[in-house]
There are 2 protein chains.
Amino acid sequence: MLAAAANPAILARQPIPVRGELPDSPLAMMGAPMRFARNAEVYGEDEPADYLYQVMSGAVRTYRMLDDGRRQVVAFYLPGDIFGVEAGDVHLASAEAISESQVLVVKRSAVMARAEHERDLSKELWTLTVRELQRVQQHSLVLIKNAEERVAGFLLEMAGRGTASAAVELPMSRQDIADYLGLTIETVSRTFTQFVQSGLIALETSRRIQFRNRAALNRLNA
Amino acid sequence: MLAAAANPAILARQPIPVRGELPDSPLAMMGAPMRFARNAEVYGEDEPADYLYQVMSGAVRTYRMLDDGRRQVVAFYLPGDIFGVEAGDVHLASAEAISESQVLVVKRSAVMARAEHERDLSKELWTLTVRELQRVQQHSLVLIKNAEERVAGFLLEMAGRGTASAAVELPMSRQDIADYLGLTIETVSRTFTQFVQSGLIALETSRRIQFRNRAALNRLNA
DNA sequence: CGCTGAATTGACGGACATCAAGATGTGTGG
DNA sequence: CCACACATCTTGATGTCCGTCAATTCAGCG
C-alpha cells in the first residue's frame, strides 16, 4: 500500500555530542545535546526507553513499521517539542532525524527521580503524556477523512506550530507526509497541485508553502 | 462517508444507582455503581471530566463526532476496564453504554487526592494512561490497513480480552464495529461473510463468532 | 404473527493506489 | 562552474477496493 523509505543507513552518521544553546524547558540543564545527521536513528522500536528527548533544532519523526513494509509516521517533532516519553520501558516507535538536528538527551531515570519531589515537573510530565494522547487521538480522526481533508488539516497543523506566518516551511519529504496521513506520495502531490490550482496555497519551493486562502483550508479541515 | 447512529435519546433511561458486587480493583469501594440502559450516555464530549469509571457488567463505547456526522469509535470497554481517565479537565470523547451495563463511578478528585500519598495508586493511574496511549497508537496503525486486515485484527483483539476460547461474543453492532475500524457497515458485513466462506470463522449468531482458523487470521493481522 | 431494527447481499461508481514516465532539484567530482 | 548522477517531486493512465444506494433476509419482541 505505502512504500517504505529506502534504507537510510548509508546517510546516517553516528550522533556526536555538541554544545549549543539550551532551550528554556524543565529538561534544560539535565542532559546533553547531541547532533544527528539527516535520517540518523535517535532510537529504535522496542529499544529500552532510557532517555527523554527535546528537539533543539531540525526536526524528528517517529514511526512504526508494518511487517509488509508499510510505514506509519506517528508524529513530527519540531524545535521545543519533547518526545520519547512513551509509557512502558520500551519505545513503541522508532525516531529519526528528518534533517540535521540537535537534540537534547536526558536520562529518564534522572527526570523521574526529580519528579518524585518536584510537583511541577511531575505535573509537566503528566501533561505531556496527556497531550500526546490527545494528539494521537486527533490523528486517528484524521485517518477516516478523505485525502483533501487530510492534507488541508496537515498544512494547518504545521502552520499552527512554528511562527504563524503566511507560509510554512516543511522539513519533511512528501513520503513522510504520505506515511503520516496514510496516503501515497502521489496523492499528496496531486492534492497539493489541486490546492495550488484552486488558489488555496502557492508553492514557493516544494517544501515551502504559502497560504492564499486559509478560510477555505479551514473549511476542508471539518 | 460513515452513517451516524440514529439519535439514541429515546432509548436511553436515566442512570440509577444500584448495589452489586464490586470488582477487585484500586477503584473499588471508592465509588458508587450505576446502571446504564442500552445507548444511554455516560458522559459527553467536552463535559468536565470529574469522574472515573469502571465497567462492572455490559460494555461501553467512547466516540467522537466529525461535524459532517461521521463518527469515530475510539474504544470499547469491557467488564474490568477503566475509562474516562483522559488528560485535561474535559472529556475528549463521549461515552455510551452499548448494552445494559453497570458502571462503577468514582470521583476523580478523590482518586487524585488518594494518589497523592499512595504511590501504588498513582503508578496505576500512570500505567492506565500509558496503556491507553498504546492502544490509541495501535489503533491508528489499524486505520492504514485494508478492510480484511482491519476486521481480522478486530476479531483477534476482541478475542484477546474476555475468556480466550474458540469463540467471541461481540456486544456491539456492526455499525459500532464499522465506526471503530473506519469502514462502512456493509464492508464489515461482507468481510465477515468472506471469512466464513474461506473457513476462517463461523457465525453462531451474527454477534457470536467462532474461530476456525486462527493462524490465517493472525497472518492477515500483519 | 406482523412489526421493527439489524444484518446481509447485490449492482454500481468513485476516490485513491498502482504503475510508469518525466521534470525538477541537489550534491559531488572533475 | 559545469556536468553528471541520483533523489525528490510531479503528472498521466489505468486498476481496484471500498463506499453508496437499494433491496432482501433475519432476529427479536410486543
Side-chain angles (χ1 to χ4, degrees), chain A residues 1-13 37-39 66 68-71 98-100 142-152 170-179 181-197 201-209 220, chain B residues 1-8 10-11 38-39 66 68-71 98-100 142-151 169-179 181-197 201-209 220:
Chain A
M1 197 183 241
L2 297 170
N7 185 342
I10 338 106
L11 296 173
R13 296 201 299 273
R38 194 164 99 92
N39 293 328
L66 267 53
D68 61 355
R70 282 175 292 179
R71 184 182 71 154
I98 291 175
S99 56
E100 182 86 10
V142 167
L143 295 179
I144 69 171
K145 300 185 185 180
N146 66 27
E148 235 187 359
E149 295 169 323
R150 294 188 211 192
V151 174
L170 302 178
M172 71 292 284
S173 71
R174 296 284 188 271
Q175 186 65 63
D176 286 334
I177 299 174
D179 290 352
L181 297 179
L183 298 170
T184 58
I185 187 176
E186 293 96 332
T187 299
V188 171
S189 188
R190 271 189 258 268
T191 308
F192 273 30
T193 50
Q194 181 192 322
F195 283 174
V196 171
Q197 284 164 357
I201 61 171
L203 300 187
E204 280 184 57
T205 75
S206 68
R207 299 283 182 100
R208 185 167 182 80
I209 282 86
L220 284 175
Chain B
M1 197 184 244
L2 297 172
N7 184 342
I10 339 106
L11 295 173
R38 192 166 101 92
N39 292 328
L66 266 53
D68 61 355
R70 282 175 289 180
R71 184 182 71 154
I98 290 175
S99 56
E100 182 86 11
V142 167
L143 296 180
I144 69 170
K145 300 184 183 179
N146 67 27
E148 236 188 358
E149 296 169 324
R150 293 188 211 192
V151 174
E169 183 79 35
L170 302 177
M172 72 292 287
S173 71
R174 294 287 188 270
Q175 185 65 63
D176 287 334
I177 299 174
D179 290 352
L181 297 178
L183 298 171
T184 58
I185 187 176
E186 294 95 332
T187 299
V188 171
S189 189
R190 272 188 259 269
T191 307
F192 273 26
T193 51
Q194 180 191 323
F195 283 172
V196 171
Q197 284 164 357
I201 61 171
L203 300 185
E204 280 184 55
T205 75
S206 69
R207 299 283 182 102
R208 186 167 182 79
I209 282 86
L220 284 175

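Owing to the predicted nature of the structure, the values given are computational and were not obtained by experimental measurement. Note on naming: letters A, B, ... go to the chains in the order of the sequence lines (proteins, then strands), and numbering restarts at 1 for each one. Reckoned from all heavy atoms, side chains included, excluding hydrogens, waters and symmetry mates.
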Quiz item: Heavy atoms, side chains only, cut-off 4.5 Å: are B/L220 and B/F195 in contact?
Solution: yes
Quiz item: side chain to side chain donor-acceptor pair (under 3.5 Å) with B/S189: which residues, sequence neighbours excluded?
Solution: none
Practice problem: To the nearest Å, give me how far apart CG (A/D179) and P (D/dC9) are. | Solution: 12 Å
Practice problem: Compare all side-chain heavy atoms of A/T191 with those of A/L183 and state whether any distance is below 4.5 angstrom. | Solution: no
Quiz item: Nearest 0.5 Å, what's the CG-NZ distance between B/D68 and A/K145?
Solution: 8.5 Å
Quiz item: Within this structure, what is the CZ-to-P distance between A/F195 and D/dT10, rounded to whole angstrom?
Solution: 13 Å
Exercise. Can you tell me the distance, in whole Å, between the CZ atom of B/R208 and the C1' atom of D/dA27?
Key: 17 Å
Quiz item: Once you round it to whole Å, what is the distance between P of D/dT20 and CG of B/D68?
Solution: 10 Å
Quiz item: Closest heavy-atom contact between B/F192 and B/I201?
Solution: O-CD1, 3.9 Å
Practice problem: Measure from the side-chain N and O atoms of A/Q197 to the backbone N and O of A/Q194, and report whether any donor-acceptor pair falls under 3.5 Å. | Solution: no
Self-check item: Partner set under salt bridge (Lys or Arg N to Asp or Glu O under 4.0 Å) for B/E204, not counting sequence neighbours
Solution: B/R208
Exercise. With the side chain of A/N146 defined as its heavy atoms from C-beta on, choose the nearest nucleotide among D/dG19, C/dT18, C/dC16.
Key: C/dC16
Practice problem: Return the angle between end axes of the helix from C/dC1-D/dG30 to C/dG30-D/dC1, with five pairs used per end and rounding to 10°. | Solution: 40°
Practice problem: Starting at atom CG of A/L181, determine the distance to atom C1' of C/dA17, rounded to an integer number of angstrom. | Solution: 15 Å
Quiz item: Whole Å only: how far is the CZ atom of A/R150 from the P atom of C/dA15?
Solution: 14 Å
Please enumerate all protein N or O atoms sitting under 3.5 Å from an N or O of nucleotides 5-11 of chain C, with distances to 0.1 Å.
unit_1	atom_1	unit_2	atom_2	d
C/dA7	OP1	B/R207	NE	2.7
C/dA7	OP1	B/R207	NH2	3.2
C/dA7	OP2	B/R174	N	3.0
C/dT8	OP1	B/R174	NH2	3.0
C/dT8	OP2	B/R174	NE	2.7
C/dT8	OP2	B/S189	OG	2.7
C/dT8	O5'	B/S189	OG	2.9
C/dT9	OP2	B/T193	OG1	3.4
C/dG10	N7	B/R190	NH1	2.7
C/dG10	O6	B/R190	NH2	3.3

Self-check item: Qualifying residues under side-chain contact (heavy atoms from CB on, under 4.5 Å), relative to A/V142, sequence neighbours excluded
Solution: A/R150, A/L181
Quiz item: Atom CD of A/Q194 to atom C1' of D/dT10: distance rounded to whole Å?
Solution: 14 Å
Self-check item: Length of the CD-P vector between B/E204 and D/dC26, whole Å
Solution: 18 Å
Practice problem: Only counting residues at least two apart or in another chain, list the ones meeting side-chain contact (heavy atoms from CB on, under 4.5 Å) with A/S173. | Solution: A/Q175, A/D176, A/R207
